[in-house]
Each structure stands twice: as structure tokens, then as C-alpha cells.
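These notes are about the structure you will find just below.
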Amino acid sequence: MSTSTQHQFRYTQTPSKVLHLRNLPWECTDDELVELCRPFGKIVNTKCNVGANRNQAFVEFADLNQAISMVSYYASSSEPAQVRGKTVYIQYSNRHEIVNNKSPGDVPGNVLLVTIEGVEAGDVSIDVIHLVFSAFGFVHKIATFEKTAGFQVGEFVNRTSFDVSLPVLTLCFCLQALIQYTDADTAAAARNALDGRSIPRYLLPEHVGACHLRISYSAHRDLNIKFQSNRSRDYTNPMLPVNHTAIDGALQPVVGPDGKKIEPESNVLLASIENMQYAVTVDVLHTVFSAFGTVQKIAIFEKNGQTQALIQYPDVTTAATAKEALEGHCIYDGGYCKLHLTYSRHTDLNVKAFSDKSRDYTVPQVPAVPWQNPQAGPMYPGTAPALQGQVLGGQMLSWDPAQQTATPSYVSAPGTYPSHTYAAPPTPAYPTAAASSPIAQSNPLVHNASSMGITQPGIPLNVNLQPGGASPSVPASSPLMQASPIAGASPPAHQPYFS
DNA sequence: AGCACA
């Protein structure tokens, strides 16, 4: 007996609810497999286009007996199994379940996970979503929630109930919606028609740009909607209580008895930056906001074409102090980069620890350069122009990084970062220079911070100032030079802080 | 025409 004969039995010994099909036509579809196998039982999974020739497949039945009935049928049938007229050979697989590499979002179901990119909750109403998705069949339920791009891939599958506020940072805003249809076919029709398309502009507020739909399948079968609200609907249950608070809360700000907007206090400030003629980096914000206490986290993002930032303090009191002191003031003289501060609804930001647009000062920073004090959490190795360029986002193009190393370190303040105690003001070397700097004199923030009676020694803006208030490496023609204290001085000015 | 995926 040859070994090949033995091999012939290797794969046919043990019945399995998974069948192996071979000699299929090239790139046979799931539908064709299902059509062939469905008469024998319920198919729970398929995997087609297997093998180098993509002409093999697996079909998994719900029950072993169903697989046996199919194998038995074709074993004794005069008509072989066929797909597109081609004879298909069917055997028990040597495995007992199909594991396919479909990502969860590719597994069809009756609930769609829709990501609407570039918008947040207020931009696309649930009624618009309902309208768009009703074109394909009855929409049973909708649940929407904001999501952070890059924060977590996929949905929160362990969430069983919606309309509970989930403090997720929407650094890069997008809106997600779970759309529940009657069946997977309807969901698939909607997905096929809408995936990659955009919601028509006339259904959206004017300020909303293109918002593409990215659609996958949810693992949910039946959404648990607690209220009819601005973020969730159950169209199968009109008796469901209406959550007016949630509806009102999102559409308009909470208004107090005097008609003024009531804004719950928070330890996180939302800063909108008007008239942003100059770059406002994470470092600039850190400098400005550290005057009032420890800054834990910062995130910068764009919203409707305006730069905004979230600044997280450890407590509400500190945030309130900073808000009071900085509201309406400009980072740069001349009305540039005017700050408008409100309380964020976030309480704990989830941001990348060290990126172009965000910083988490509560986690250890990038590895220390040997000559630097590791306690200082050095983030700007002064000898690494590449990193500098990255950090500065290429916005200081006129600045020659080579000057960086040539710039003397004005202060050495190891330990002041990240604890932000500023207990030993690193300024004494140049107190006069700082005080006499035209920047210090003309910068509202500096005046404001001083006049606020903030008692922390060493207001960062002063710390940052250099003799002359400007880097000689910036060409005189640079607009950054004209009125911008931090921008003009900033490239080397970072150094005193962190090196 | 004879068993994938990590």
C-alpha cells in the first residue's frame, strides 16, 4: 500500500461539522457555497478562496449531522455536487471549526456600526441618520456616541446599554452610530449602498464639511435603548420614556434663571484660540497655563477651522483660577492668539503622551538623554534637531536648528519639570533681561498673570524670555519677529525649560 | 482535486 493511498484516508476518517470543498471554480463566492450546502442544514460560517488556486473552501454547519447528511448524500449520489457546472469534491475537514481572519466588523449582522468622520454629536442629528438609513428598511433602533479617532479601534462591544454618558475624549471628533435593522440582509444592503459615501450636504449644518460614512457590522444583535433622546432612539417602542435632559442638553446649553449659560465647572479647560497668526504649540500652552498650577495634559485640535485646546489641571480650583486670569487675553501682543476659555465636559483626557498635538505630563516622557537629569523628564534633547523640528511642527521654518546647540542654556532647572513647582525660580540669571524685555512689557498675559496676584514664583512667560527677547537666528523679515514674543523667542526658549 | 488562520 502506497503512502498516497494512506493519505487518502487521512482526511476522511472523522466526521466534522466543517466540510472541506475542493475543485471549486476560481474565486467561488460565499453565496455559491451557501446555495450548495444550505439544503443539508444551517450554515454558521464559511471560508472560501482558500489555497493557492483559491478554489477550495470550508463550510461549517451548525450541527454535525447536517454535515454528515451532505457527505452521505453526495457519496451515494449519481449527480456530483456542482458549482457553476464544475464538480465539487466534499469531505470532512480535519478541523472542527472555521476560524477565519475576518475582523469582527466584517462578520455580517443586523446591526451596523457607522462611523461619521469629522463630525461630533451636535453636527448630525439622529433624525438625519434615521432618514438616511431608513431608505433600506425599517430602522429599529439607533444609538450614537462620540468617539476618539485613534483612541480605540472598533466599538465598545462590552457596552450593553446606551444613553449613559461615557467620558471619552473626542480629540479628533467623529460620531458613531449603531443602526439596528430587522435582519442582516437589510443591514448589508445599507452597508453596500452607503459605505464610503457621504451624507448629503443639505441635511447637514452649513459649517460641517464632507463627512464620510464608514460602515462595518456590529457584534450587537439587539441594542438596549433606555430613553428616546438626542443620542438614542427605539422606533419599535414609542412608549419609551423621553430623556428631555439629554435632548435639551445637547441642542442648547443649560440656561440658568438669569438666562445666562450655566457651565458646569471642570478641571479641564477648553481654550479656543482666535486670530491665531502665530503657531501655538503644546509647549506654548504649557508655559502659559502652568502659571496657575500643574498642567497634567494638553491636547490641541482643530474644530470648524479654529484651533482649540484642552488643558487639564488636577482640580477644578486651579482650572477656575486659570480661566479667570486668562479669559479674553492674548498669548501674543497685538491681539494675536486670543484665548477664550470655557470648562470642558471632559474630566480626564486620554491623549498621546508625546505627540505634535498632545502631551500627557503624568506619564514618563521619552527616554532621557544621558547628560540630562532623568527626573526632569527631558522632552527636548537640545542636541536633536530632528526632534525639535518634529515638535515644532515645521512651523518655525525660518529658524535654523543648528542655532539650537549654539544657544546658551540660560537656566538649568532640573526637577522643575514635570512637578511644576517652580520652587526655585530659574530666572535669577536674567531677571533684568526678562523684566526689561519689550515682550514682558507688552504681553497681556504677563501683566495679567502678575496683576492677578498669582504667587507662584517664576511665571513661565518670564522664564521663557531671553535677553533681547528674540532669537538672532530668526531673520528680521520674519513676521514672527514683529510682535510675537514667544514665537520669536521660542525655539531656543524651550531649552531653558527642559534641558 | 487533498485543509486556512496565528
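So you know, we letter chains A, B, ... as the sequences are listed, proteins then strands, and number each from 1. Just so you know, these numbers come straight off a predicted model, no measurement behind them.
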Who passes ring pair (Phe, Tyr, Trp, His ring centres under 6.0 Å) against [X], sequence neighbours left out?
X	result
A:H96	none
A:F138	A:H140
A:F58	A:H20

Kindly state each residue pair satisfying salt bridge (charged side-chain N to carboxylate O under 4.0 Å, His left out) with at least one member in residues 50-77 of chain A, sequence neighbours excluded.
A:K17-A:E60, A:E27-A:R54
Between B:dG2, B:dC3, B:dA4, which nucleotide gets closest to the side-chain atoms of A:S93?
B:dC3
Can A:R221 and A:N110 be counted as having a side-chain donor-acceptor contact under 3.5 angstrom?
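Their side chains do contain a donor-acceptor pair, which is all the 3.5 Å distance test asks for.
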Answer with yes or no whether the side chains of A:Q176 and A:T144 bring together a donor and an acceptor at under 3.5 Å.
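No, A:Q176 and A:T144 have no side-chain donor paired with an acceptor closer than 3.5 Å.
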[X] [atom1] to [N] [atom2], straight-line distance once rounded to whole Å:
X	N	atom1	atom2	result
A:Y92	B:dA4	OH	C1'	21 Å
A:R54	B:dA4	CZ	P	15 Å
A:Y89	B:dC3	OH	P	15 Å
A:Q56	B:dA1	CD	P	11 Å
A:N55	B:dC3	CG	P	11 Å

According to side chain to side chain contact (heavy atoms under 4.5 Å, CB included), who are the partners of [X], at least two apart in sequence or on a separate chain?
X	result
A:A184	none
A:R214	A:T115, A:E117, A:D195
A:D31	A:T29
A:S69	A:F40

Can you list, in residue-number order, the parts of [range] that come under 4.0 Å of DNA chain B, counting heavy atoms only?
range	result
residues 58-86 of chain A	A:F58
residues 17-25 of chain A	A:H20, A:R22, A:N23
residues 43-52 of chain A	A:K47, A:V50

The side-chain hydrogen bond (donor to acceptor under 3.5 Å, both in side chains) partners of A:K42 (sequence neighbours excluded) come to none
